[in-house]
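What follows is a set of notes on a single structure, which appears directly below.
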Amino acid sequence: MNPSPNMRSLKAALLYPGVGMLEYAKISVGRGTDSPFEQIGADFFGARELATYLNRRQIPGVRVYPTSFAPSESNFKGVRIEGVRFEIVNREMLDATRLGLEVAGAIQKLYPGKVDWAVNKRLIGSDEVIRRLQAGDDPRTIQQGMQDSVAAFVELREKYLIYK
């Protein structure tokens, strides 16, 4: 049973943490299509350009393919837009946070000024990450810079875990 109308596959569930962190931006995360969270698109994307750039980044566990789609709801409802589809090639290697940062970094580099990253603060969760994305920092170094705060959170949450 699907846990949500927009979570229709294991692939979507694996991609969701990375793709979902971009949802408040003026991009489509595939809601209103047959494959939500398995693709993204916008009216300012160049599908081939974005797919090529992301594949050159060699994001572990995923390959990216150009696509186009017309969502029936959410951002760009009823408009055919270009985008990319994510295919998981190695589930064990996929790091959804890295994927989300790489996609955000690609959008910032290829389409500067098209996305207001501050609207995603609630989903990205960090002013520092947003500042670094806007500055064009490498997504790998952004993720490395988050490791201390992630470790502190993991330690803090330990006492609240019911199932171990």
Side-chain angles (χ1 to χ4, degrees), residues 1-25 27-42 45-69 71-75 81-110 115 117 120 122-126 129-130 132-133 137-158 160-164:
M1 177 176 284
N2 295 332
S4 161
N6 289 298
M7 191 72 61
R8 301 179 187 163
S9 68
L10 176 59
K11 181 165 83 168
L14 293 169
L15 293 167
Y16 175 78
V19 174
M21 81 166 68
L22 310 172
E23 190 163 12
Y24 290 166
I27 62 175
S28 171
V29 294
R31 287 183 187 269
T33 71
D34 290 337
S35 47
F37 302 108
E38 297 177 26
Q39 60 188 349
I40 62 167
F45 283 1
R48 285 193 172 105
E49 175 185 45
L50 183 55
T52 299
Y53 181 86
L54 288 168
N55 284 325
R56 284 185 181 148
R57 296 288 300 165
Q58 298 183 359
I59 305 164
V62 70
R63 289 286 300 162
V64 183
Y65 298 93
T67 191
S68 67
F69 57 94
S72 63
E73 62 182 74
S74 196
N75 292 330
I81 55 175
E82 290 192 20
V84 294
R85 172 178 286 281
F86 303 103
E87 292 298 330
I88 298 173
V89 295
N90 185 327
R91 192 167 59 173
E92 300 302 317
M93 291 181 66
L94 176 66
D95 179 339
T97 302
R98 163 94 185 269
L99 174 64
L101 290 171
E102 289 284 357
V103 171
I107 293 168
Q108 180 66 19
K109 181 171 182 65
L110 297 174
V115 171
W117 295 111
N120 277 313
R122 191 166 173 206
L123 297 175
I124 293 174
S126 167
V129 169
I130 291 169
R132 292 185 70 186
L133 281 170
D137 288 2
D138 188 299
R140 292 171 293 210
T141 61
I142 294 172
Q143 187 177 26
Q144 289 168 351
M146 297 169 23
Q147 294 309 310
D148 289 343
S149 60
V150 169
F153 172 76
V154 168
E155 185 177 325
L156 175 67
R157 78 173 184 151
E158 184 65 31
Y160 299 103
L161 294 177
I162 297 172
Y163 304 102
K164 297 181 182 185

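Values in this document were obtained by computation on a predicted structure and should not be read as measured data.
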Not counting sequence neighbours, which residues clear salt bridge (Lys or Arg N to Asp or Glu O under 4.0 Å) with Arg132? List them please. Asp137

Quick check for you: to the nearest 0.5 Å, what is the distance between [X] atom [atom1] and [Y] atom [atom2]?
X	Y	atom1	atom2	result
Arg57	Leu99	CZ	CG	12.0 Å
Gln39	Arg31	CD	CZ	13.0 Å
Lys11	Arg85	NZ	CZ	5.5 Å
Leu22	Ser28	CG	OG	11.5 Å
Ser74	Ile27	OG	CD1	10.0 Å
Ile130	Leu123	CD1	CG	9.5 Å

Evaluate the side-chain contact (heavy atoms from CB on, under 4.5 Å) criterion for residues Phe45 and Ile107: first the C-alpha distance (whole Å), next the side-chain angles of each, then the deciding distance (0.1 Å), finally the verdict. CA-CA 8 Å; Phe45 283 1; Ile107 293 168; 3.7 Å; yes

Test side-chain contact (heavy atoms from CB on, under 4.5 Å) on Glu82 and Arg48; report intermediate values, then the result. CA-CA 9 Å; Glu82 290 192 20; Arg48 285 193 172 105; over 6 Å; no

If you count heavy atoms of other groups shown closer than 6.0 angstrom to CD of Gln147, is the number above 12? yes

Hey, is CG on Asn90 packed in by over 12 heavy atoms from elsewhere, all under 6.0 Å?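 For Asn90, atom CG is crowded (more than 12 foreign heavy atoms under 6.0 Å).
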
Glu102/Val62 under side-chain contact (heavy atoms from CB on, under 4.5 Å): CA gap, chis, key distance, verdict: CA-CA 11 Å; Glu102 289 284 357; Val62 70; over 6 Å; no

Write down the atom of [X], the atom of [Y], and the distance for their closest heavy-atom approach.
X	Y	value
Leu54	Ile59	O-CD1, 3.9 Å
Leu14	Arg91	CD1-CD, 3.1 Å
Val84	Ala51	CG1-N, 3.6 Å
Asn75	Glu23	ND2-O, 3.9 Å
Ser9	Glu38	OG-OE2, 2.6 Å
Gly41	Ile81	C-CD1, 3.5 Å

Under a 4.5 Å cut-off applied to non-hydrogen side-chain atoms, are Val19 and Val103 in contact?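 Counting from C-beta outward, Val19 and Val103 never come under 4.5 Å.
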
What residues, two or more places apart in sequence or in another chain, satisfy side-chain hydrogen bond (donor to acceptor under 3.5 Å, both in side chains) together with Asp34?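 With sequence neighbours excluded, Asp34 shows a side-chain hydrogen bond (donor to acceptor under 3.5 Å, both in side chains) to no residue whatsoever.
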
One pair to check against side-chain contact (heavy atoms from CB on, under 4.5 Å): Leu133 and Ile124. What are the steps and the verdict? CA-CA 11 Å; Leu133 281 170; Ile124 293 174; 4.2 Å; yes

For Tyr53, enumerate each residue passing the ring-ring contact (aromatic ring centres under 6.0 Å, His included) test, keeping only those at least two apart in sequence or located in another chain. none

Short side-chain to backbone donor-acceptor contact, Thr67 and Gly83, under 3.5 Å: no

Flag, side chain of Thr52 to backbone of Glu49, donor-acceptor distance under 3.5 Å: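 A pair under 3.5 Å: no.
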
